[in-house]
Protein chains: 4
Amino acid sequence: MQSRTPAPRATGRPRSAAADAAILAATRAALVELGWSRLTLSDVAFRAGVAKTTLYRRWAGKNELVVDAVAELFDELELPDRGSLAADVEGVVLQFAAILDRPEARSGLMGAVAEAARDDVLRERIRASIVERQKRLVVEGRARAQERGELPYEEDPRTAARTVDLIFDLVAGAVVHRALVSSEPVDADWAVSLTQVLLLGIAGAAQNPAGSV
Amino acid sequence: MQSRTPAPRATGRPRSAAADAAILAATRAALVELGWSRLTLSDVAFRAGVAKTTLYRRWAGKNELVVDAVAELFDELELPDRGSLAADVEGVVLQFAAILDRPEARSGLMGAVAEAARDDVLRERIRASIVERQKRLVVEGRARAQERGELPYEEDPRTAARTVDLIFDLVAGAVVHRALVSSEPVDADWAVSLTQVLLLGIAGAAQNPAGSV
Amino acid sequence: MQSRTPAPRATGRPRSAAADAAILAATRAALVELGWSRLTLSDVAFRAGVAKTTLYRRWAGKNELVVDAVAELFDELELPDRGSLAADVEGVVLQFAAILDRPEARSGLMGAVAEAARDDVLRERIRASIVERQKRLVVEGRARAQERGELPYEEDPRTAARTVDLIFDLVAGAVVHRALVSSEPVDADWAVSLTQVLLLGIAGAAQNPAGSV
Amino acid sequence: MQSRTPAPRATGRPRSAAADAAILAATRAALVELGWSRLTLSDVAFRAGVAKTTLYRRWAGKNELVVDAVAELFDELELPDRGSLAADVEGVVLQFAAILDRPEARSGLMGAVAEAARDDVLRERIRASIVERQKRLVVEGRARAQERGELPYEEDPRTAARTVDLIFDLVAGAVVHRALVSSEPVDADWAVSLTQVLLLGIAGAAQNPAGSV
DNA sequence: CAGTAAACGAGACGGTACGTCGTGTCTTAGG
DNA sequence: CCTAAGACACGACGTACCGTCTCGTTTACTG
């Protein structure tokens, strides 16, 4: 993660590197036990074996702390090569669903997004450290499919970027909505259905440039 | 909305009917000004010209109150006949985005979902009063397309229901994710792209029963 | 006790006479269990099997209700003839102490006096229904002692009244202070000591008109 | 006054010494304006320019706080040498009455005593910080009278202590009762009468050891 | 290797909201 | 007109957390 405070110090006692990790882990543990609204910074500080002061010296508040703690979760996502684009997509959908099944992700992510509705800085932080960070999966999956010949190479970089954005919002949005809003299970069958609609839709749209996809 | 307290009373002063509406309106106003986390029940009570006691007599807490207040927002969604399935979908996507652009919906909806991560009763309340309630749009849109001959009639009711669920999560999820998580604008172009992928995907899947869509 | 509301009514349903007694008894029971500050009118109404409305129709509030409930306690005081002035005084001191040992009297009386510090009407109510009412004991005891020849007859009625007041404040004050403020037992030995000082003091003062006692 | 929290802390930010004095003064001011029952700790905190938390960190509640605030009032009592025992007693009676004429003493003292009826710890606190503390006046007055030859020296310490207790309850009780219960003025005439009865009674009892006074 | 500057723990501080409770008033239906 | 029942506006309760502060202590780099 990028440094929270931009200016490096040359003098004085350096900040404990262990404290950062302990605090983020404690934050996730508190999210599991308490959820977003009952999570308190005093409690996180106690769990991390750290004074409240130390915590406030590094993060501006609960929102920022939780975003950092949750963002680390999504770094676990990988895109192992399963032989076909459809299999790759189904695999990452199930991986994503597995993360969203963990309580620290469920309450942490949505709580942060709720706060971001009224906080531009926080919204940008989420966009940068979660959304942009995970779009790598779409980019990587497309490249692999292009190598396999499953997808044509897109010439226009603007069009390519917009397609990545659309697919990311479609897949991530569908999984989050089903898991957290509709409260329905994201199982293998559902992943297959979603993947089928998605890939057929993309393939069809590629032949029909009217919608500029 | 269904009654909050199941048992009707035969005796004593009856509850003020006007209070309910005033409280829900005050809740939305408070969401606009303060957002989820700074919204307080004391403040809502004051805005509604009502005592805190009255509020707690009717709702169990902030979560339940906000869900009811937000649910009313989505009842504004309509499906005007624009002549084609694609136009209908694009229209409802933009309507949905317009609602999600209002601050009371942004912070209220996500805040409630965040809390629902640890509260089964609240999760069911969201599912019933928001999700199931708005699936009517998908059902209605499909019926209209079938009348127009744009979509075949689906024989198996289970398959039909699963398709409705998938499409609802896909569309609602994509719009919510783009608007609230990715923080990108949901404009007409994006709506066209989404609709194109969606309809081509559905059409393709209907010809290929493997994924049972 | 005198009627709380002066105007008699000619029409409508008459007030239940039993309710008054039930309410005062319930008040004393609540004082025993809860003390002054935790006694609530809702609780008293429930104990008396009466609606809160009924209670407020008859008493202005907690203070007035408790004064009436406590005043009845002191009506139990009697002055049985024990053969000598000293014995009579000792007897009434112990009776008084016995009443002050009951929790409804302890907290009720002092609570009312505390409120009376800022409420002239309440202060007058206490003076009339408790203080003046019980001065009968001093007057009666003096008359009996004069019949026995233990005390001379006082000619001047003003002097007589001032002496009654002084003795009442002395005896009642000493007992209340020892029992409730100093928290020491009022036993037979202490009653003897008090009586001795009191009677010798009165006797001496009667011979020495300087202090106009 | 004794420390409220026995354990001294070695670490953390030390408690503000100024806050204690400000809180006690604010408590007395609130008693003057509001009386016992309408005094609220929120109001006291606001007057003292202190958070409610600070107040609850130092006192268990309203009762304890008021006892401490009132106890300080009685420390103003002195026993200036007026040349004779009678004059000394009359002087202290009038001083005591002057304090009881202040509204903070009237409602504070009686309110605390009322609550003490059901609270052993509070009763002991009153006994220690008000009663025992002010018995010094009786002890000092007796010593001075013995030096003057107005009173004999008492050999038996137990008898001496019981006499101090009796006289304190007699004088304090009579003044409190006249001022607060009977609601009659404690003026110079009444002080003379009380003193006369008291001193003659003590003198008589000293010659008659039957009552062991 | 002593000085110094910042990080650290502890916990008090002024605030603010909580959810509950009591007050005294009111509004209904019934006697 | 009284009564029981209970909703109502108001406001205090005592608790909990916030984010800041003031301490005494610890730890590394620097002169």
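Chain A is the first sequence line, chain B the second, and so forth, proteins listed ahead of strands; every chain is numbered from 1.
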Rounding to an integer number of Å, can you tell me how far [X] [atom1] sits from [N] [atom2]?
{"X": "B/Arg15", "N": "F/dA5", "atom1": "CZ", "atom2": "P", "result": "17 Å"}
{"X": "D/Phe46", "N": "E/dG15", "atom1": "CZ", "atom2": "C1'", "result": "13 Å"}
{"X": "A/Glu115", "N": "F/dC18", "atom1": "CD", "atom2": "P", "result": "13 Å"}
{"X": "B/Ile23", "N": "F/dA9", "atom1": "CD1", "atom2": "C1'", "result": "13 Å"}
{"X": "C/Tyr56", "N": "F/dG6", "atom1": "OH", "atom2": "P", "result": "18 Å"}
{"X": "A/Arg47", "N": "F/dC17", "atom1": "CZ", "atom2": "P", "result": "12 Å"}
{"X": "D/Trp59", "N": "F/dT15", "atom1": "CH2", "atom2": "P", "result": "16 Å"}
{"X": "D/Leu55", "N": "F/dA12", "atom1": "CG", "atom2": "P", "result": "15 Å"}

Between C/Arg28 and C/Glu72, is there a salt bridge with N-O shorter than 4.0 Å?
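Salt bridge present between C/Glu72 and C/Arg28.
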Any Lys/Arg nitrogen of C/Asp119 or C/Arg123 sitting under 4.0 Å from an Asp/Glu carboxylate oxygen of the other?
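Salt bridge absent between C/Asp119 and C/Arg123.
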Contact class for [X] (heavy atom, under 4.0 Å): base, sugar-phosphate, or nothing?
{"X": "D/Lys52", "result": "base"}
{"X": "D/Gly49", "result": "sugar-phosphate"}
{"X": "B/Thr53", "result": "base"}

Does [X] have a side-chain nitrogen or oxygen under 4.0 Å from the phosphate oxygens OP1 or OP2 of [N]?
{"X": "B/Arg57", "N": "F/dC8", "answer": "yes"}
{"X": "D/Ser42", "N": "F/dG11", "answer": "no"}
{"X": "D/Thr54", "N": "E/dG14", "answer": "yes"}

Any idea which of E/dA10, E/dT20, E/dG24 is nearest the D/Thr11 side chain?
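Selected nucleotide (nearest to the side chain): E/dA10.
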Using the side-chain heavy atoms of A/Arg58, tell me which of these nucleotides is nearest: E/dC13, E/dC8, F/dG19.
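The answer is E/dC8, which lies nearest to the side chain.
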Considering heavy-atom distances to DNA chain F, does B/Ala17 or A/Lys62 have its closest nucleotide positioned more toward the 5' end?
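Closest to the 5' end, via its nearest nucleotide, is B/Ala17.
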I want to confirm an ordering. Mapping A/Leu41 and D/Leu41 to their closest nucleotides on DNA chain F, which one lands closer to the 5' end?
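With A/Leu41 and D/Leu41 compared, the 5'-side residue is D/Leu41.
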Start with the C-alpha distance between C/Leu41 and C/Trp59, add both sets of side-chain angles, then the distance that settles side chain to side chain contact (heavy atoms under 4.5 Å, CB included), and finish with yes or no.
CA-CA 11 Å; C/Leu41 293 201; C/Trp59 282 274; over 6 Å; no
D/Trp36 and D/Asn63: CA distance, side-chain angles, deciding distance, side chain to side chain contact (heavy atoms under 4.5 Å, CB included) verdict:
CA-CA 10 Å; D/Trp36 168 274; D/Asn63 296 342; 3.2 Å; yes
Find which nucleotide of DNA chain E each of B/Gly61 and D/Ala19 is nearest to by heavy atoms, and output the residue with the more 5' nucleotide.
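It is D/Ala19, whose closest nucleotide lies nearer the 5' terminus.
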On DNA chain E, does the nearest nucleotide to B/Thr40 precede the nearest nucleotide to D/Gly12 from the 5' side, or the other way round? Give the residue.
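Going by which nucleotide is closer to the 5' end, it is D/Gly12.
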Among C/Lys62, C/Arg125, C/Arg58, which residue satisfies the salt bridge (Lys or Arg N to Asp or Glu O under 4.0 Å) criterion with C/Asp68?
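With C/Asp68 as partner, salt bridge (Lys or Arg N to Asp or Glu O under 4.0 Å) holds for just one option, C/Arg125.
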If you take atom types as modelled and just measure distance, does the side chain of B/Arg13 reach the base of F/dC8 with a donor-acceptor pair under 3.5 Å?
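It does not, because no donor-acceptor pair links the side chain of B/Arg13 to the base of F/dC8 below 3.5 Å.
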Tell me if the CZ atom of A/Arg38 is crowded by more than 12 foreign heavy atoms within 6.0 Å.
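For A/Arg38, atom CZ is not crowded (no more than 12 foreign heavy atoms under 6.0 Å).
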